[in-house]
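Below is one structure; the comments refer to it alone.
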Amino acid sequence: MSKTEVVVYANQDILAAAAAARLVTRLVDVQAAKGSASLVLTGGGTGIAVLSELRASSARDAIDWSRLDIYWGDERFVPADSDERNEKQAREALLDHVPLDPKRVHAMAPSDGEFGDDVDAAAAAYASELASQAGPEDHGDVPSFDIMLLGLGGEGHTASVFPESPAVYETERSVVAVRNCPKPPPTRVSLTLPAIRRARDVWLMTAGSAKADAVALALAGAGEVQLPVAGARGHRRTLWLLDRAAAGKLTKVYQPPTA
Ligand SMILES: O=C1O[C@H](COP(=O)(O)O)[C@@H](O)[C@H](O)[C@H]1O
C-alpha cells in the first residue's frame, strides 16, 4: 500500500536544502541495498534549486555517482544549448560537477539533435531508452525508478502533462510528445502518468502561494484529467515537500508541523 506524506518547510531555501539532504540519505540507502540507484529529475525553480543545494553539500560525496542512473520526467523541446532546457539547467546546477558515468545519464533529445525537429521521434526514442533499461523485475517497459522528482504548475500540470491535454489521457505509451503547452516553450517531451506511477518514490516539490490551490486540490483527491499532479503517485511512497506558502490552503488532515 502506497503512503502519502507531506512535509512543510518555512521557505523555499530551507525546502531545497532539506530535499537535497533527503536525496543523499535515500540514494545512499538504495545503493547500499541493491548496488545502484535511479533518479528522475525535474525542471522548474524548486527542482533546480534542490540540485544546486546538493552540489553545495559536502554530504554529496556519500553518493556513489558512478552507480546512479539519471533520467528526466520531462524536457523542453528546444536546441541543446538553450537555457530553457531542463538538462542544461541540471548540468549547470549539479551534473557537470559530480563524477557520473555518462552512459548512465539518460537525457531526452533536443530539437537540434539526431531527430531534428521531429518531437514524436524524440518521444518514441526515449520510450525505447526506458524499455532498454527495464529489467524482468520491472514487469514492463519502464524501470521502477527509485526516486522521481517532480514539480507542478499552478494550473496543476506535472512533468509536461497539462490539464485536459492529450497527454493526460494516455494509457499505453510511457513517453509522449506534447504540443501547444500553455506554459512556454510550447513543445515538449514528457513521461505519462502511467510511467510516473512506475516510480517507487515520487517526491512532489514546490514553493510559493501560486501553487497552493493545486496542492490543496491534489491532496483532496481531485481528478487527474483536470489536475494531472493528482495522478502522480509512487507505488511505495508519495512525498510532498512544500514551503509554507504552497501548503497555505491544505485542509487540516495534511497540516503537519512546519520543519
Ligand atoms: O516547465 C516546467 O515546469 C514545472 C514547474 O516549474 P516551476 O518553476 O513552476 O516550479 C516543472 O515541474 C517541469 O519539469 C518543467 O518542465
Side-chain angles (χ1 to χ4, degrees), residues 9 11-16 19-20 23 39-53 70-80 82-95 106-111 119 122-123 126 145 147-163 165 167-168 175-193 195-196 199 201-215 217-218 224 227-234 238-248:
Y9 298 97
N11 57 50
Q12 190 193 22
D13 291 347
I14 297 174
L15 157 55
L23 269 179
L39 173 65
V40 185
L41 301 183
T42 176
T46 304
I48 298 300
V50 171
L51 300 187
S52 297
E53 287 291 340
I70 299 281
Y71 298 90
W72 273 265
D74 75 316
E75 185 56 274
R76 290 99 180 256
F77 197 58
V78 290
S82 165
D83 289 338
E84 290 190 295
R85 199 165 150 75
N86 289 339
E87 180 196 354
K88 184 175 185 226
Q89 293 178 27
R91 285 192 180 281
E92 288 171 358
L94 174 71
L95 307 186
H106 311 273
M108 294 174 173
S111 64
V119 65
Y126 206 66
F145 308 111
I147 304 174
M148 179 176 298
L149 306 179
L150 289 172
L152 61 127
E155 83 297 68
H157 85 264
T158 193
S160 285
V161 182
F162 286 81
S165 67
V168 81
V175 186
V176 289
V178 180
R179 296 179 173 82
N180 305 315
C181 290
K183 176 182 178 183
T187 310
R188 296 157 176 246
V189 174
S190 185
L191 266 60
T192 58
L193 291 177
I196 287 171
D201 285 21
V202 164
W203 295 9
L204 288 151
M205 311 183 303
T206 199
S209 57
K211 310 294 172 73
D213 283 321
V215 168
L217 286 168
E224 67 191 34
L227 199 83
V229 68
R233 292 183 295 277
T238 308
L239 177 61
W240 290 77
L241 301 174
L242 307 170
D243 76 344
R244 244 182 230 151

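For ligands, and for the atoms within them, numbers begin at 1 and follow the listed sequence.
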Checklist entry - Under 3.5 Å, is there a donor-acceptor pair between the side chain of Tyr9 and the main chain of Ala207? => result no
Atom 4 (C) of ligand 1 sits nearest the protein heavy atom His157 NE2, 3.3 Å
Ligand 1 atoms nearer than 4.0 angstrom to some heavy atom of Gly44 are 6 (O), 7 (P), 8 (O), 10 (O)
Among non-hydrogen protein atoms, atom 16 (O) of ligand 1 lies closest to Asp74 OD2, 2.6 Å
Can you check whether Gly45 has an N/O within less than 3.5 Å of an N/O in ligand 1?
yes
The single option from Ile196, Leu204, Leu193 that satisfies side chain to side chain contact (heavy atoms under 4.5 Å, CB included) with Val229 is Leu204
the protein heavy atom lying closest to atom 11 (C) of ligand 1 turns out to be Gly43 O, 3.6 Å
Discussion item. Using 30° and 60° as the class boundaries, would you call the ring planes of His106 and Tyr71 parallel, tilted or perpendicular?
Written reply: parallel
- Task: Taking the side chain as every heavy atom from C-beta outward, state whether Leu239 and Asp201 have any pair of such atoms under 4.5 Å apart.
- Result: no
On a heavy-atom basis, the closest approach of Leu191 and Ala159 is O-CB, 4.5 Å
So Thr46 and Asp243, side chain to side chain contact (heavy atoms under 4.5 Å, CB included) or not? Walk me through it.
-> CA-CA 10 Å; Thr46 304; Asp243 76 344; over 6 Å; no
Does a side-chain heavy-atom distance below 4.5 Å link Leu241 with Val50?
no
If we number the atoms of ligand 1 from 1 as shown, the ones under 4.0 Å from a heavy atom of Gly151 are 12 (O)
min-distance protein heavy atom vs atom 5 (C) of ligand 1 -> Leu152 O, 3.7 Å
of all protein heavy atoms, closest to atom 9 (O) of ligand 1 is Lys211 NZ, 2.7 Å
Any non-hydrogen atom of Leu150 lying under 4.0 Å from ligand 1? no
Kindly confirm or rule out an N or O of Gly153 lying under 3.5 angstrom from an N or O of ligand 1. no
Considering both backbone and side-chain atoms of Thr42, is one of its nitrogen or oxygen atoms within less than 3.5 Å of a nitrogen or oxygen in ligand 1? yes
Side chain to side chain contact (heavy atoms under 4.5 Å, CB included) test vs Arg76 passes for just one of Arg85, Lys88, Gln89, namely Gln89
The answer for which part of Glu75 has a heavy atom under 4.0 Å from ligand 1 is neither
Among Gln89, Glu84, Lys183, Gln12, the residue with a heavy atom nearest to atom 3 (O) of ligand 1 is Lys183
Fill in: Intermediate values then yes/no, side chain to side chain contact (heavy atoms under 4.5 Å, CB included), Thr206 and Leu242
CA-CA 5 Å; Thr206 199; Leu242 307 170; 3.8 Å; yes
- When you look at Ile147 and Leu23, which way does the side chain to side chain contact (heavy atoms under 4.5 Å, CB included) test go after all the steps? CA-CA 9 Å; Ile147 304 174; Leu23 269 179; 3.8 Å; yes
Would you please determine whether Asn86 falls within less than 4.0 Å of ligand 1 on a heavy-atom basis? yes
Arg76 N/O under 3.5 Å from ligand 1 N/O:
yes
